[in-house]
Amino acid sequence: MQEIKEELVIECSIEKALNVIGGKWTFLILKQLFEGTKRFGEIQKSIPKISPKALTDTLRHLEENEVVIRKVTPTVPVTVEYSLTEKGQALHKILKEMKIWGSRWA
């Protein structure tokens with residue numbers, strides 16, 4: 001007789017937050033957007049080591065998680081601007097505290 005094991009799922013709020021925030025480049029992108037709405041090129045210039053693909057992927061992830069709003073203006077060439085949602089703005093205090101912690105302990 002085969003025993004069936006159920007996997008115990010424990011929801012962790014910190015893990016959920018980290019899944020929304022995402023990866024390596026997110027903090028640098030958010031830092032730029034805390035200053036206000038930015039175009040793709042502006043964000044890319046402000047983070048010299050980020051590739052266009054990494055920037056695109058990170059912005060898409062943030063958009064899917066409702067942290068960033070993408071606004072497309074039909075100009076020639078097309079203008080794409082990114083800004084933070086209310087949910088994205090709410091990350092400012094958390095990231096500020098992480099910066100303080102990092103400067104003290106890291």
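- Within the 4.5 Å cutoff, no side-chain heavy atoms of Asn65 are placed close to those of Ile21.
- Among residues at least two apart or in separate chains, there is no salt bridge (Lys or Arg N to Asp or Glu O under 4.0 Å) pair with a member in residues 80-91.
- Residues passing the side chain to side chain contact (heavy atoms under 4.5 Å, CB included) test with Lys45, sequence neighbours excluded: none.
- Counted within 6.0 Å of CD1 on Ile100, heavy atoms from surrounding residues, nucleotides or ligands total more than 12; the atom is thus considered enclosed.
- Applying the side chain to side chain donor-acceptor pair (under 3.5 Å) test to Glu35 and every residue at least two apart in sequence or in another chain returns Lys38.
- Using a 4.5 Å heavy-atom cutoff, the side chains of Leu84 and Leu91 are not in contact.
- In this view, Glu97 satisfies the salt bridge (charged side-chain N to carboxylate O under 4.0 Å, His left out) rule with no residue, not counting sequence neighbours.
- Contacts of Thr75 classified as side chain to side chain donor-acceptor pair (under 3.5 Å), with partners at least two apart in sequence or in another chain: Thr79.
- The cluster map of Ile, Leu, Val, Met, Phe, Trp and Tyr, joined by side-chain heavy atoms under 4.5 Å apart, puts Leu59 and Val78 in the same cluster.
- Annotation: salt bridge (charged side-chain N to carboxylate O under 4.0 Å, His left out) contacts of Lys16 (sequence neighbours excluded): Glu11.
- Open room surrounds CD on Glu66; 12 or fewer heavy atoms of other groups in view lie less than 6.0 Å from it.
- Among all heavy-atom pairs drawn from Gln44 and Ser51, the shortest one is NE2-C, 4.3 Å.
- Residue pairs that meet the ring pair (Phe, Tyr, Trp, His ring centres under 6.0 Å) test with at least one member in residues 43-83, sequence neighbours left out, do not exist here.
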Open item on the list: With side-chain contact (heavy atoms from CB on, under 4.5 Å) as the criterion, how do Leu18 and Glu15 come out once you've worked through the C-alpha distance, each side chain's angles and the decisive distance to 0.1 Å?
Closed with: CA-CA 5 Å; Leu18 290 174; Glu15 185 178 358; 5.8 Å; no

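- The ring pair (Phe, Tyr, Trp, His ring centres under 6.0 Å) contacts involving residues 31-53 comprise Phe34-His92, where partners must be two or more places apart or lie in separate chains.
- Looking only at side-chain heavy atoms (C-beta outward), Val67 and Leu30 come within less than 4.5 Å of each other.
- Note on Leu95 and Ile14: separate hydrophobic clusters, where clusters join Ile, Leu, Val, Met, Phe, Trp and Tyr whose side-chain heavy atoms are under 4.5 Å apart, directly or indirectly.
- The structure places CG of Leu33 at 4.5 Å from CD1 of Ile43, a figure rounded to the nearest 0.5 Å.
- In terms of the salt bridge (charged side-chain N to carboxylate O under 4.0 Å, His left out) criterion, residue partners of Lys53 (sequence neighbours excluded) are, by chain and number, Asp57.
- Evaluation of the side chain to side chain donor-acceptor pair (under 3.5 Å) rule for Ser46 yields Gln32 as partners, not counting sequence neighbours.
- In this structure, CG in Leu28 is found 5.0 Å from CD1 in Ile47, a value given to the nearest 0.5 Å.
- Remark: Thr85 engages no residue in a side chain to side chain donor-acceptor pair (under 3.5 Å) (not counting sequence neighbours).
- Evaluation of the side chain to side chain donor-acceptor pair (under 3.5 Å) test over residues 17-27, restricted to residues two or more places apart or in two chains, returns none.
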